[in-house]
Number of protein chains: 2
Amino acid sequence: MRIGIIGSGALGLYYGAMLQRSGQNVHFLLRRDYQAIQQHGLQVYSCNGNFHLPQISGHQTAAEIGTVDLVIVGLKTISNHHLIDLVTPLIGTNTAILTLQNGLGNEELLATAFGAGRVLGGVAFLCSNRGEPGTVHHLGEGKIRLGEYSGGLSPQSRNLEEMFQAAGIPCDAVSDLRRARWEKLVWNIPFNGLSALLEKDVTDLLSHSPSKELVKDLMLEVIAGANAQKLEEPIDGPRFSQQLVSFTENMDHYRPSMMIDREEGLPLELKAIYAIPLQQAKAAGIDMPKISMLHTLLASGENNHNRQLCPLPNNRTGKEQQ
Amino acid sequence: MRIGIIGSGALGLYYGAMLQRSGQNVHFLLRRDYQAIQQHGLQVYSCNGNFHLPQISGHQTAAEIGTVDLVIVGLKTISNHHLIDLVTPLIGTNTAILTLQNGLGNEELLATAFGAGRVLGGVAFLCSNRGEPGTVHHLGEGKIRLGEYSGGLSPQSRNLEEMFQAAGIPCDAVSDLRRARWEKLVWNIPFNGLSALLEKDVTDLLSHSPSKELVKDLMLEVIAGANAQKLEEPIDGPRFSQQLVSFTENMDHYRPSMMIDREEGLPLELKAIYAIPLQQAKAAGIDMPKISMLHTLLASGENNHNRQLCPLPNNRTGKEQQ
């Protein structure tokens with residue numbers, strides 16, 4: 001299958017490399033890694049075994065890639081204002097689009113531009129970080145749960161399930177994508193936000209018992225918001241939150257993407273992971289007060305970020321740096 | 001009056017200097033500033049006019065000070081495990097003790113050791129920071145509201161009110177110290193904690209409107225906790241919180257003590273300002289969920305502090321410093 005990867009970060013590079021290794025015809029839209037990959041190929045350091053792909057079809061523009069059978073979107077949602085322009089050149093009559101981005105609102109954006117019928121979404125339970133240009137580190141996990149934006153178990157989603165499985169990527173096609181999205185938020189909302197705010201990896205967060213309790217409280221708020229979204233079946237709050245905490249306790253000092261973004265002074269994915277979920281919960285009559293507070297605390301830090309990029313011509317920056 | 005200052009930080013040095021300038025016989029227990037003050041005296045930089053006191057009675061031990069008529073306690077509450085030992089040498093038959101420390105629990109500690117009758121508490125609305133050794137910066141405000149630990153308007157509290165007023169320090173004696181303590185917490189709980197957590201001064205906090213809303217929400221939680229404490233008269237939540245926000249909007253980039261403590265890697269006054277108020281509210285049947293979350297987030301950072309002081313023999317520190 002001819003596949004285009006839009007957003008070749010830790011996720012896009014890893015899944016794209018796995019798919020190419022399994023024989024798929026994969027084309028990557030590259031920015032930071034273009035030169036390194038053209039010269040040396042792509043090196044994957046994986047807990048399941050390292051491998052190197054000497055030949056990568058890397059491109060600097062989407063137009064160069066041209067139409068494909070499948071677009072896989074791994075773009076940071078903070079760049080969603082570019083998403084439609086980046087995907088458009090890849091769309092042919094029968095092109096499917098699978099977004100593996102974080103949070104909510106991404107399928108809606110793609111469906112509005114390209115039609116709901118070709119849009120699928122997936123949630124990736126993947127621990128991966130970028131390394132030096134031309135390298136990606138797969139630290140653990142990797143399972144994808146994908147489904148149709150329009151709902152239901154389609155042949156299209158079954159085909160993608162098979163494709164990922166054939167590439168050694170655990171994958172389930174699900175009939176209720178909305179539930180899968182909210183299940184992922186049960187992890188993202190506490191761990192991304194708290195790790196970015198407190199500059200603590202997941203292991204250090206869970207080693208402080210009041211913070212561990214806060215993680216559980218935040219998870220239960222997400223689940224209450226989720227269960228107000230007309231899911232095919234509700235999420236079992238106590239059981240699922242305990243499962244996710246235990247699952248995370250087995251990660252060794254994993255640093256969520258939002259923690260790394262904050263450390264690198266990059267904007268955070270607050271809209272997809274906090275603002276839209278808060279809106280959708282509120283629309284369903286559910287308040288998520290602790291999540292709302294966490295969102296405010298994270299958004300306040302984004303002021304710093306903005307100020308960092310364009311210092312104000314007054315004494316604020318100076319004073320803060322005292 | 002012979003006065004001993006225990007805890008000569010930004011607050012103790014400023015009030016002590018004002019009292020000495022007004023003719024009181026003031027003795028300071030000094031640590032960091034001892035050498036500088038012995039050599040050059042004490043320099044006060046004040047928005048009401050700078051002044052210099054060439055002769056200061058500074059001491060390195062409380063025993064050197066000996067008994068006094070009044071002990072003024074300005075000690076950081078994180079050092080309360082030393083409080084009784086530091087105050088004991090100053091206590092004579094008729095010695096009164098006035099604690100101007102932050103938060104709750106300080107009068108109780110002193111009353112248990114020295115008897116409730118001689119213990120008074122005060123809340124200081126003072127913007128001051130320490131400068132170079134031998135200097136203190138008075139940035140604004142300075143009013144003290146003081147009262148008997150046992151309640152009621154005593155001659156003793158009236159005398160202290162007069163003494164402070166004669167020294168140019170606005171002061172009110174109040175009959176309900178508990179109310180004054182909680183009123184102060186309505187400011188301390190949001191501004192100390194948020195400034196320390198987000199590394200933002202009060203002006204930058206209030207310039208972010210969601211953070212400003214969070215400040216108000218936190219204030220209303222404190223007031224709900226306060227009004228469950230059998231106060232002589234309840235605090236008017238909306239009016240008082242709006243007053244404090246407007247009052248704070250007039251401060252120019254003031255950096256609360258807890259923000260400075262966090263920047264300097266010092267432990268935070270979490271017990272007096274968060275833990276005990278949370279306990280007392282809970283005992284009165286009031287939950288303060290946002291304050292509890294803020295306390296957890298601040299306490300989590302104290303782990304870093306502890307780790308900073310005694311790095312763990314594993315890879316945690318290293319990983320976190322990536």
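Letters A, B, ... mirror the listed sequences (proteins, then strands); counts begin at 1.
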So which atom in B:Ser300 and which in A:Leu198 form the shortest heavy-atom distance, rounded to 0.1 Å?
OG-CD1, 3.4 Å
Would you indicate whether A:Tyr45, at its atom OH, is surrounded by more than 12 heavy atoms from other residues, nucleotides or ligands within a distance under 6.0 Å?
no
At a heavy-atom separation under 4.5 Å, does A:Leu294 approach chain B through its side chain, its backbone, both, or neither?
both
Considering heavy atoms only, which positions within residues 271-281 of chain A lie below 4.5 Å of chain B?
none
All pairs passing salt bridge (charged side-chain N to carboxylate O under 4.0 Å, His left out) where residues 274-285 of chain B contributes a residue, at least two apart
B:Lys282-B:Asp287
Rounded at 0.5 Å granularity, tell me how far CG in B:Leu297 sits from CG in A:Leu214.
6.0 Å
Calculate, to the nearest 0.5 Å, the distance between atoms CE and NZ belonging to B:Met293 and A:Lys290 respectively.
7.5 Å
